[in-house]
Amino acid sequence: GAVVSQHPSWVICKSGTSVKIECRSLDFQATTMFWYRQFPKQSLMLMATSNEGSKATYEQGVEKDKFLINHASLTLSTLTVTSAHPEDSSFYICSARDWQNEQYFGPGTRLTVT
Amino acid sequence: AQSVAQPEDQVNVAEGNPLTVKCTYSVSGNPYLFWYVQYPNRGLQFLLKYITGDNLVKGSYGFEAEFNKSQTSFHLKKPSALVSDSALYFCAVSKSGGYNKLIFGAGTRLAVHP
């Protein structure tokens with residue numbers, strides 16, 4: 001089946017620094033990828049829709065200047081958390097949609113901001 | 001607006017007994033309905049989906065779900081629970097015509113006791 005990877009699987013960074021999270025579709029091309037955020041014991045909240053070659057579409061309440069998304073190729077989307085603060089600590093999950101409109105989820109990245 | 005409700009935070013069941021995890025939805029038009037499972041610190045794994053056709057959908061690991069349009073429900077079921085089924089289960093919905101935005105329920109933690 002289709003596989004989506006995320007890197008890193010976990011990261012600890014200091015407050016004020018930026019961190020980049022990669023989402024890759026390993027065996028298929030994905031024109032659309034999605035970024036979700038999950039707080040402990042809560043559901044997934046869609047942050048943004050990433051489209052290859054165009055600007056991402058952000059959900060209401062998500063700061064586009066803080067969560068930079070780049071979908072530069074058909075197999076890679078990146079989420080950069082800029083000037084991270086402790087409240088940005090969360091589990092970030094991406095998904096990639098294939099040509100049959102099936103969504104496959106990555107294993108997630110746990111971000112801890114100290 | 002689309003929404004998904006999972007009324008139970010946790011479901012407890014003895015191993016070997018049948019299990020049901022409830023889900024109701026609200027969406028305009030015909031819904032696409034999904035069930036995912038999440039193990040600790042992992043991404044989501046797809047269990048099954050309903051798009052159209054037979055109301056009873058069979059999925060991975062012996063799980064099934066029944067689409068009930070009149071009750072706007074899509075409950076997840078399994079005839080005989082395993083301890084290894086213990087995990088967090090999410091119901092999700094998207095509008096027909098695109099597997100675009102998945103709206104997730106709050107999640108239900110399933111605990112199967114030996």
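Convention: sequence-line order gives letters A, B, ...; per-chain numbering from 1.
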Is the number of heavy atoms from other residues, nucleotides or ligands within 6.0 Å of [atom1] ([X]) greater than 12?
X: B:Tyr61; atom1: OH; value: no
X: A:Lys66; atom1: NZ; value: yes
X: B:His113; atom1: NE2; value: yes

Check whether [X] and [Y] end up in the same hydrophobic cluster, where Ile, Leu, Val, Met, Phe, Trp and Tyr are linked by side-chain heavy atoms less than 4.5 Å apart.
X: B:Val11; Y: B:Val4; result: yes
X: A:Val81; Y: A:Leu68; result: no
X: A:Met45; Y: A:Trp35; result: no

Close side-chain approach of A:Tyr104 to B:Leu44, heavy-atom, < 4.5 Å: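 The answer is no; the side chains never approach within 4.5 Å.
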Chain B contacts, top residue of A:Gly106, A:Gly108, A:Pro107, A:Ser95 (heavy-atom pairs, under 4.5 Å):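 Looking at each of A:Gly106, A:Gly108, A:Pro107, A:Ser95 in turn, A:Pro107 comes out on top.
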Can you name the nearest heavy-atom pair linking A:Gln38 to B:Phe90, along with the distance?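 That would be NE2-CZ, 3.5 Å.
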Under 4.5 Å from a heavy atom of chain B, the part of A:Leu44 involved: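 For A:Leu44, heavy atoms of backbone and side chain both lie under 4.5 Å from chain B.
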Counting only heavy atoms closer than 4.5 Å, note whether A:Gln6 contacts chain B via side chain, backbone, both or neither.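 For A:Gln6, no heavy atom lies under 4.5 Å from chain B.
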Check: B:Gly107 main-chain N/O paired with A:Ser43 side-chain donor or acceptor under 3.5 Å: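 Answer holds: no.
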ring-ring contact (aromatic ring centres under 6.0 Å, His included) between A:Tyr36 and B:Phe104, worked out: CA-CA 11 Å; A:Tyr36 296 85; B:Phe104 286 86; 5.6 Å; yes
Sort B:Gln38 into side chain, backbone, both or neither according to what part of it lies under 4.5 angstrom from a heavy atom of chain A.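 Contact with chain A is through the side chain of B:Gln38 alone.
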